[in-house]
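Remember, predicted model here, so these are calculated numbers, not experimental data. Side chains are part of it too, since the values below use all heavy atoms of this structure and drop only hydrogens, waters and symmetry mates.
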Amino acid sequence: MPVILRLAIRNLKEHKSKTVIIALFLIFGIAIVIMGNAFLESINRGLEKDFRANYTGDIVISAKPEKGYRIEIFGVGSNTVSMDLPQIPALTDLDKAMEILNSNSSFASNTKLISAKVIVADGIEVDFAELTEDDNLTFDDLPISMLFAGEDETYWNTFSGINFVEGGFPAPNTDEIIIDTRVQRAFKGLYKKDLHLGDTVLLAGANTNGVIREAKVVGIFKPANEYSAMFQIIYCNPSFARSFADLTYANLQDNSIPDSIDLSLSDLSEDDLFGSDDDFDFDFDFGIDENTDVLGSVSDFDNILGDTTLRDELNKTDDGAWQFILLKMKNPYETKKMINTLRKEFDDAGLNLQVMGWKAAAASYSESIEGIGVVFNMLVIILAVVVFIIIMNTMTVSVIERTGEIGTMRAIGAEKGFVRKLFFAETVSLTFISSIIGIILAFIAMAIFNSCGITITNSIAKMILGGGLLHFTPTPAIIISSFVIAILGSVLSNLYPVSSALRITPLKALAKGSE
């Protein structure tokens with residue numbers, strides 16, 4: 001083997017031009033593949049670390065979505081184009097679910113969450129339709145936010161990375177809120193006024209019918225990760241968030257409505273409630289009694305809806321309603337196994353609950369990253385095929401030019417196996433050296449890029465790229481896989497030209513080489 005290796009290296013030196021051409025393709029191909037995969041790895045790792053630490057935990061439990069829909073902490077999504085999306089449903093059989101979870105010692109902490117989308121308004125006179133039609137406004141300029149409400153102290157014990165700029169947490173059972181600094185900037189840019197501690201604003205539900213609530217700003221904070229891809233957030237008390245999440249008794253299942261609420265009217269038909277056409281006596285005498293007001297008395301309007309007690313009760317928020325249970329594992333590496341275990345336990349208990357990891361719970365973000373990965377992998381495959389074809393063509397020309405050399409070796413007794421090993425030794429040696437140079441080049445380029453600390457601020461771009469800090473994170477798996485693929489690709493590209501040359505007899509090879 002050392003003899004073949006020495007001969008291979010000598011031959012590479014003798015054919016410098018072709019060696020350099022093939023080596024350059026391999027060097028830059030390896031460098032591009034490593035850098036691309038390192039960038040994707042950085043995006044995936046950064047997004048996963050950020051969301052698991054600060055927003056979703058390791059495991060998220062929600063109600064099972066209806067067919068054609070998906071549930072994540074940012075709302076309900078549809079598998080088809082749909083403009084009318086429902087709200088996130090409340091968890092059912094919450095006590096039974098918590099009993100199962102509390103009996104398991106694998107969790108470091110658990111908490112509950114309510115999520116909704118809101119728009120921060122400076123007074124009710126703001127016309128949001130006009131704002132969206134303003135071409136000078138971008139998505140980042142609008143104070144649209146995620147409204148999160150966690151379960152008292154358990155939420156902040158689970159997600160403790162909040163960084164206050166000023167102020168503090170909302171007092172329990174109040175309409176106080178704490179806002180992201182990005183909300184503060186958007187508010188100032190849109191309404192041309194500062195938003196300070198103690199100011200009162202209006203929050204309008206972004207996907208609810210006419211829900212508007214007044215809230216007092218008691219805290220301003222920065223995201224736990226300053227480069228986070230996470231959309232801007234407002235935190236509040238659960239009682240305040242339930243109105244925006246439609247967690248009222250009217251929107252819950254019948255078995256969630258307290259017995260104290262009288263539902264007798266719900267069994268009546270429209271005719272029972274409003275009467276049928278036969279009950280009307282059409283009298284077209286438009287004469288007006290001089291003693292009667294044309295529009296009727298105030299009491300007539302107050303009584304037009306009759307008894308509204310049931311309506312008022314059903315519009316009350318359910319203090320025990322939650323949309324999500326968030327769990328953090330003692331050992332995060334056991335997350336996948338625990339998800340499967342919980343799914344089975346919930347199914348066996350007949351609970352209509354969905355168990356998912358952080359990716360499914362933050363699908364709006366993770367799917368965009370996966371989309372970039374698919375596009376990049378397609379480009380890598382195209383690049384690999386092009387490089388493979390170029391290398392194979394270059395080697396084919398090289399082997400044809402060396403037909404006389406092959407004939408001479410065969411004439412003096414070299415077997416086909418020896419010739420094949422010699423060419424493979426040349427290919428592997430060239431690929432090995434080129435790959436090492438390509439890896440070094442990639443690391444130098446990545447180190448220079450990382451030292452620049454390049455960041456982006458656009459929220460859409462941050463969402464697509466998984467964060468605002470552009471960074472490369474090479475891993476041993478990326479290096480080893482790229483190296484192995486390069487070796488295999490080069491060997492495969494050498495099969496055809498060598499096999500073609502070996503089909504020529506030594507006599508013909510010598511005759512062709514002497515021409």
Side-chain angles (χ1 to χ4, degrees), residues 50-66 69-78 85-92 94 97 110-120 143-152 154-156 158-159 161-162 169-170 175-180 182-183 203-209 211 213 215 221 223-224 228-248 251-252 317-328 353-367 459 463:
D50 184 26
F51 274 76
R52 292 178 77 160
N54 302 306
Y55 306 112
T56 64
D58 300 317
I59 299 176
V60 178
I61 299 171
S62 72
K64 284 186 178 178
E66 297 180 4
Y69 293 95
R70 72 166 186 266
I71 294 176
E72 54 180 305
I73 63 171
F74 306 107
V76 177
S78 175
L85 295 175
Q87 284 277 29
I88 303 172
L91 291 165
T92 56
L94 184 57
N110 70 77
T111 186
K112 303 181 185 72
L113 176 70
I114 298 169
S115 169
K117 293 185 181 72
V118 296
I119 304 173
V120 183
I144 303 174
S145 308
M146 289 304 305
L147 187 71
F148 280 176
E151 183 190 32
D152 303 327
T154 63
Y155 186 84
W156 300 117
T158 303
F159 304 106
I162 190 167
F169 294 108
D175 294 346
E176 296 176 346
I177 60 173
I178 58 176
I179 64 172
D180 192 328
R182 294 170 294 178
V183 178
L203 299 186
N207 56 347
T208 54
N209 295 322
V211 177
R213 295 289 184 272
F221 69 93
S228 176
M230 177 63 185
F231 195 55
Q232 52 204 35
I233 306 173
I234 294 176
Y235 289 109
C236 66
N237 286 303
S239 57
F240 184 72
R242 288 189 176 103
S243 298
F244 295 98
D246 281 348
L247 296 180
T248 60
N251 290 302
L252 300 177
T317 57
D318 178 10
D319 292 337
W322 296 93
Q323 295 170 328
F324 300 100
I325 301 173
L326 310 180
L327 306 163
K328 278 193 175 181
L353 297 175
Q354 172 183 237
V355 186
M356 49 189 168
W358 79 271
K359 273 192 176 182
S364 298
Y365 291 83
S366 61
E367 287 182 355
S459 61
M463 179 176 177

Pairwise side-chain contact, Ile179 with Val120, heavy-atom cut-off 4.5 Å (strictly under): no
Pro89 side chain near Ile71 side chain, heavy-atom distance below 4.5 Å: yes
Step by step, work out the side-chain contact (heavy atoms from CB on, under 4.5 Å) result for Phe148 and Ile73. CA-CA 9 Å; Phe148 280 176; Ile73 63 171; 4.2 Å; yes
If you apply the rule side-chain contact (heavy atoms from CB on, under 4.5 Å), what do you find for Phe231 with Tyr365, and how did you get there? CA-CA 10 Å; Phe231 195 55; Tyr365 291 83; 3.3 Å; yes
Test side chain to side chain contact (heavy atoms under 4.5 Å, CB included) applied to Asn54 - qualifying residues, sequence neighbours left out: Asp50, Ala224
So do Leu113 and Val60 actually touch side chain to side chain, heavy atoms under 4.5 Å? no
Excluding sequence neighbours, so at least two apart, what forms side-chain hydrogen bond (donor to acceptor under 3.5 Å, both in side chains) with Asn237? Thr174
Minimum heavy-atom distance Glu72-Ala360, with the two atoms named: CB-O, 3.7 Å
Backbone of Phe244 reached by a side-chain donor or acceptor of Gln87 within 3.5 Å: yes
Using 0.5 Å steps for rounding, measure from the CD1 atom of Ile234 to the CD1 atom of Ile119. 10.5 Å
Would you say Ser366's side chain and Lys359's backbone share a donor-acceptor pair under 3.5 angstrom? yes
Would you please name every residue forming a ring pair (Phe, Tyr, Trp, His ring centres under 6.0 Å) with Phe221, sequence neighbours left out? Tyr235
Please report the shortest heavy-atom distance between Ala321 and Arg242, naming the atom on each side. O-NE, 2.9 Å
Quick one: list whatever passes ring pair (Phe, Tyr, Trp, His ring centres under 6.0 Å) with Phe324, sequence neighbours left out. none
Residues passing the side-chain hydrogen bond (donor to acceptor under 3.5 Å, both in side chains) test with Lys112, sequence neighbours excluded, are Glu151
Using side chain to side chain contact (heavy atoms under 4.5 Å, CB included) as the criterion, list what pairs up with Lys328, not counting sequence neighbours. Asp58, Ser109, Thr158, Phe159
Give the C-alpha distance, both sets of side-chain angles, the deciding distance and a yes or no for side-chain contact (heavy atoms from CB on, under 4.5 Å) between Gln232 and Met146. CA-CA 6 Å; Gln232 52 204 35; Met146 289 304 305; over 6 Å; no
Closest heavy-atom contact between Val355 and Ile59? CG1-CG2, 3.7 Å
Do Pro223 and Arg182 touch side chain to side chain, with heavy atoms closer than 4.5 Å? yes
Parallel, tilted or perpendicular: ring planes of Phe51 versus Phe74, cut at 30 and 60 degrees: perpendicular
Return the CZ to SG distance between Arg213 and Cys236, rounded to the nearest 0.5 Å. 11.5 Å
For residues Ile233 and Val183, report the shortest heavy-atom separation together with the two atoms involved. O-CG2, 4.0 Å
Which value, rounded to the nearest 0.5 Å, describes the distance between Ser62 atom OG and Ile88 atom CD1? 8.5 Å
So, for Ala245 and Gln323, which heavy atoms are closest and what is the spacing to 0.1 Å? CB-NE2, 3.3 Å
